[in-house]
Amino acid sequence: MSSERRKPYPFDQFEPKWQRVWEDRQVFHAPNPGEKNFDPAKPKFYVLDMFPYPSGAGLHVGHPEGYTATDIVARYKRMRGFNVLHPMGWDAFGLPAEQYAIKTGQHPKLTTRENIAKFKSQLQAIGFSYDWQREINTTDPRYFKWTQWIFLQLYNSWFNPETNKAEPIATYRGQDRDSARLAYVAEVPVNWCPELGTVLANEEVIDGKSEIGGHPVVKRPMRQWMLRITKFAERLIDELEELDWPEGIKLLQRNWIGKSEGAEIDFKIDNYDETIRVFTTRPDTLYGANYMVLAPEHPLVDRLTAQDRQSEVAQYRAKIASKSDLERTDLAKEKTGAPIGAFAINPVNKEKIPIWIADYVLMGYGTGAIMGVPGHDERDLEFARKFNMSILPVVQAPGKTPEESIGFLDDGIAINSPIIDGLPTPEAKKKIIEWLEEHGHGKREINYKLRDWLFSRQRYWGEPFPILWEDGKHRALDEKELPVVPPALDDFKPTGTGEPPLAKSKDWIRYSKTATRETNVMPQWAGSCWYYLRFCDPQNNKRFVGEEPEKYWMNVDLYVGGTEHAVLHLLYARFWQKVLFDLGYVSTSEPFQRLVNQGIILGEDGQKMSKSRGNIVNPDDVIAQYGADAFRLYEMFMGPLEQMKPWSMRGVEGVSRFLARVWRLIMKENQAGEWELSSAVQDVDLSKNQRKILHATIKKVTDDIETLSFNTAISQMMIFVNAFTTVEAIPLSAMRTFLILLNPFAPHISSELWENLKSKGDITAQPWPLYDEQVLLEDEVEIVVQVNGKLRDRMKMSILASDEEVKTAALGNAKIQQFIAGKTVRKVVVVPKKLVNIVTD
RNA sequence: GCUCACGUGGCGGAAUUGGUAGACGCGUACGGCUCAGGACCGUAUGGGGCAACCCGUGGAGGUUCGAGUCCUCUCGUGAGCACCA
């Protein structure tokens, strides 16, 4: 029955019609500089969505949230006279297609093609104004040829600390080039996920489990490709400064990079010709260091362990080695450790302090060794208490005794520390570092939590490396041999041994008599690290992006996507961009000038949408029932773009009703049940009040699009429509202006009505309306009168009334006099054009 | 545990620089139109009170003529990090 019900307005007819028109006429194609129809007089605007992974499930309502926002901006900017680059593509390498292939035998290429077709038709049904001529697909050899090419640039360059830049490897003066390349091979403890049969980057491991699938991850030493992102840590932090990004995301990146400033201090080992270097952010607490801890995996443990400690130390190390990362952090509550029977000499006071191993010290951070300062480090304190060590305060907290200062972590005054006694912490740090440097016991040092990026995966559906192996050494393929296309396989399964599936194709790996191909593939992030560049010049087969288009379009003026990429994609892409910039291939060192994160859309029950909860909303259903315009409008009307918010079908009905009112403002149903232009629409002048509402709407919608406050822009358009539904003669000119304002939000209905009004030209080609401040000026304003801050009355006053006149009027107001009778007026505050506050005793 | 963000009607949410709290939408109630309505149109709608008024932005303090907005503490929700020395 409900499906038989007549649509409130015939969106099912005109929405597909307009989508066809846009496609046929290629209305949204943005020509590059030098191409036909390119207008160099216009400024450019690059507005980008985070391109989706085309999953088999199709689009969910979360995708179009950001896409609608950018589409509104794109359409708006075009009307404002910009050349707008608004592209879409597919981040199509990845696990799901491959796992589907393992299950069904269907090649990931086919699965990907089907999924893309579905995604694309869904996006087109929403009426997004993408330039589909620029569509890209990361799994297309014409695309990943250049992903591989960029890898070669990384492979063929190094980071010069003197220039603080990536440079061609030829400028490297050292012996071993392979040790300096930005892409290098290393045997490192990596995150190995047995279930997925691949290694994962730190960023892909959450709480000891794989981000995808939630499978357990263990540490295991393996030989892997790494990218030297750590060399860019400083710039990745510093250059955030200039970006127009949410502070929260900047903070997330800063925390992930985890810069900490401090010192490295050398401790001589008693009776050995060895020193152990520790990292500390609190060199000023050196006098309080009365033990040392090495990570259990520290290379010096074997050599330094005393005879009588060996079995205990071996036992402890074995116990730690058997634990997964998850267990290791899970058991974090109780400190464990073992003394190795050796002693270090504290360089400031020459005290012999015992050396322990303990798993609370990590090999992967700093030097894998720490000085234990139980007085001023929580973990050391806990450790010292557990093993009955002495605890010496060396920093006195303000307003506390030395004893009370134990456990105090922030700034104070140095005590019990002859070299720096009496100095506040910042100076104490500085002075002791100077002392250490002077005496050759250490130096100022900065450490980062950021690790080099583990860049290889033991999977099938990814970009092969353009690398050959010969005599146990790697070398790069020549550019001319790109792309390296993965071999056809029948069996996509991971081998389980850590050997990649590509190794199964014996023909493919054999490059020559002596050389074999690298069998790892790149991680899913590779393609998305530079896709925004390719959009500038997607068909170029000579270069990854042409110089001129790159220079013209970059960087991205507005980038909208989910927070889930805060430290993954957004960090990796910035890193690649910097390398390409240093090497002179691109014109900017940051890719995304302004970033906005859309909030998650929850199910109708306020819970995260998920299959198991059964609260997933399918865009196709919504569009079938209410139309694409209502869908778009609701996505934006729900609330602020960046906020998390629940879906509501009632809300969709609400905006659908609004669009139906817009429709009936201009169209009437005749006896035959056909829609025709309403006779109420006439070429009449606007009343003063109507003009005011129109201009207020232009202003509000314009300002709100600029600030991405789409929800309030829509409210204002509702106010406009409500004001005009009751009038007898609907002014044609006001309707035309309104339709232009509505167009970015609801492009189909506005196009259809624009045409029905027999307006000149295409609505998408209209200039954006301007408002006139003069029209908005009121000649009378309502002044609020408060007594002691409480609202007591309102009065109409001329806008020209002086403060004094307003004050007099307020005091003379009959109602106000009741409130101030018998009281002394102590003060009268006048806020021009707004309010009067009378303060009494 | 640490860091950050956010707490406003029955619900989603509005509120330049501190200046009329609750725009707009949903829901609800009543009325109209209608053979009918889960369609459409109109009116009302934070709570209490017949009313004048009183109370209201998670809670407690504070600054101010005036606080949803600023400060301190506290509770709750969400996100991120998680022995990073």
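Proteins get letters first, then strands, A, B, ... in listed order; numbering begins at 1 in each. Small disclaimer: the values here were computed from a predicted structure and weren't measured.
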Rounding to the closest angstrom, what is the interatomic distance between [N] and [M] at atom [atom1]?
| N | M | atom1 | result |
| --- | --- | --- | --- |
| rG42(B) | rG25(B) | P | 11 Å |
| rA23(B) | rG18(B) | P | 24 Å |
| rC50(B) | rC41(B) | C1' | 32 Å |
| rC71(B) | rU64(B) | C1' | 12 Å |
| rG1(B) | rU74(B) | P | 13 Å |
| rC2(B) | rG49(B) | P | 46 Å |
| rC11(B) | rG62(B) | P | 30 Å |
| rA36(B) | rA44(B) | P | 26 Å |

In Watson-Crick or G-U wobble terms, both distances under 3.5 Å, what is the partner of [N]?
| N | value |
| --- | --- |
| rG19(B) | rC65(B) |
| rC6(B) | rG76(B) |
| rC81(B) | rG1(B) |
| rU28(B) | rA44(B) |
| rC35(B) | none |

Listed nucleotide nearest any side-chain atom of [X], set [options]:
| X | options | answer |
| --- | --- | --- |
| S715(A) | rA23(B), rA85(B), rU20(B) | rA23(B) |
| L252(A) | rU20(B), rA85(B), rG80(B) | rG80(B) |
| F637(A) | rG12(B), rA85(B), rC65(B) | rG12(B) |
| T712(A) | rA85(B), rA23(B), rG66(B) | rA23(B) |
| I719(A) | rA23(B), rU3(B), rG25(B) | rA23(B) |
| Y360(A) | rC4(B), rG13(B), rC83(B) | rC83(B) |
| K335(A) | rC83(B), rG12(B), rC65(B) | rC83(B) |
| K790(A) | rU3(B), rC55(B), rA85(B) | rC55(B) |

Upstream residue (5' side of RNA chain B) when R650(A) and V205(A) are each assigned their closest nucleotide: R650(A)
Nearest-nucleotide 5' precedence on RNA chain B, K815(A) against R664(A): R664(A)
Between [X] (side chain only) and [Y] (backbone N and O only), is there a donor and an acceptor less than 3.5 Å apart?
| X | Y | result |
| --- | --- | --- |
| D452(A) | T230(A) | yes |
| N597(A) | G561(A) | yes |
| K259(A) | N255(A) | no |

Distance check: side-chain N/O of [X] vs OP1/OP2 of [N], anything under 4.0 Å?
| X | N | answer |
| --- | --- | --- |
| S260(A) | rA85(B) | yes |
| R661(A) | rA39(B) | no |
| N722(A) | rG25(B) | yes |
| N711(A) | rA14(B) | yes |
| R794(A) | rU20(B) | no |
| K386(A) | rC83(B) | no |
| R657(A) | rG27(B) | yes |

State, without any angle test, whether [X] and [Y] hold a side-chain donor-acceptor pair at a distance under 3.5 Å.
| X | Y | value |
| --- | --- | --- |
| D704(A) | T712(A) | yes |
| Y448(A) | E234(A) | yes |
| N788(A) | T840(A) | yes |

Scan [X] against the nucleic acid and name what it touches under 4.0 Å (heavy atoms): base, sugar-phosphate only, or nothing.
| X | result |
| --- | --- |
| V784(A) | base |
| T725(A) | nothing |
| K608(A) | sugar-phosphate |
| R254(A) | nothing |
| T280(A) | sugar-phosphate |
| Q786(A) | base |
| L835(A) | base |
| M644(A) | sugar-phosphate |
| Q643(A) | sugar-phosphate |

For D703(A), salt bridge (charged side-chain N to carboxylate O under 4.0 Å, His left out) partners two or more places apart: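 Applying salt bridge (charged side-chain N to carboxylate O under 4.0 Å, His left out) to D703(A) gives K699(A).
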Figure out the [atom1]/[atom2] separation between [X] and [N], and round it to whole Å.
| X | N | atom1 | atom2 | answer |
| --- | --- | --- | --- | --- |
| L791(A) | rG19(B) | CG | P | 15 Å |
| D704(A) | rA23(B) | CG | C1' | 12 Å |
| M718(A) | rA14(B) | CE | P | 14 Å |
| K7(A) | rC40(B) | NZ | P | 14 Å |
| E261(A) | rA85(B) | CD | C1' | 15 Å |
| K645(A) | rC6(B) | NZ | P | 15 Å |
| N788(A) | rC53(B) | CG | C1' | 16 Å |

RNA chain B contacts among residues 823-831 of chain A, heavy-atom distance under 4.0 Å: K827(A), V829(A), V831(A)
Ring centres under 6.0 angstrom apart (Y626(A), F11(A)): no
Centroid separation W675(A) to Y9(A) less than 6.0 Å: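 No - the distance between ring centres of W675(A) and Y9(A) does not fall below the 6.0 Å cut-off.
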Mutual orientation of the aromatic rings belonging to F720(A) and F738(A) [parallel < 30°, tilted 30-60°, perpendicular > 60°]: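 Correct class here is parallel.
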Under-3.5 Å donor-acceptor pair between K449(A) side chain and rC81(B) base: no
Ring-face cation contact, W245(A) with R574(A), 6.0 Å cut, 45° max: yes
Lys NZ or Arg CZ of K335(A) over Y360(A) ring: under 6.0 Å, within 45°: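 Ring-cation test returns yes.
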N-glycosidic conformation, rG9(B) - syn within 90 degrees of 0, else anti: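 Here the answer is syn: the torsion falls within 90° of 0.
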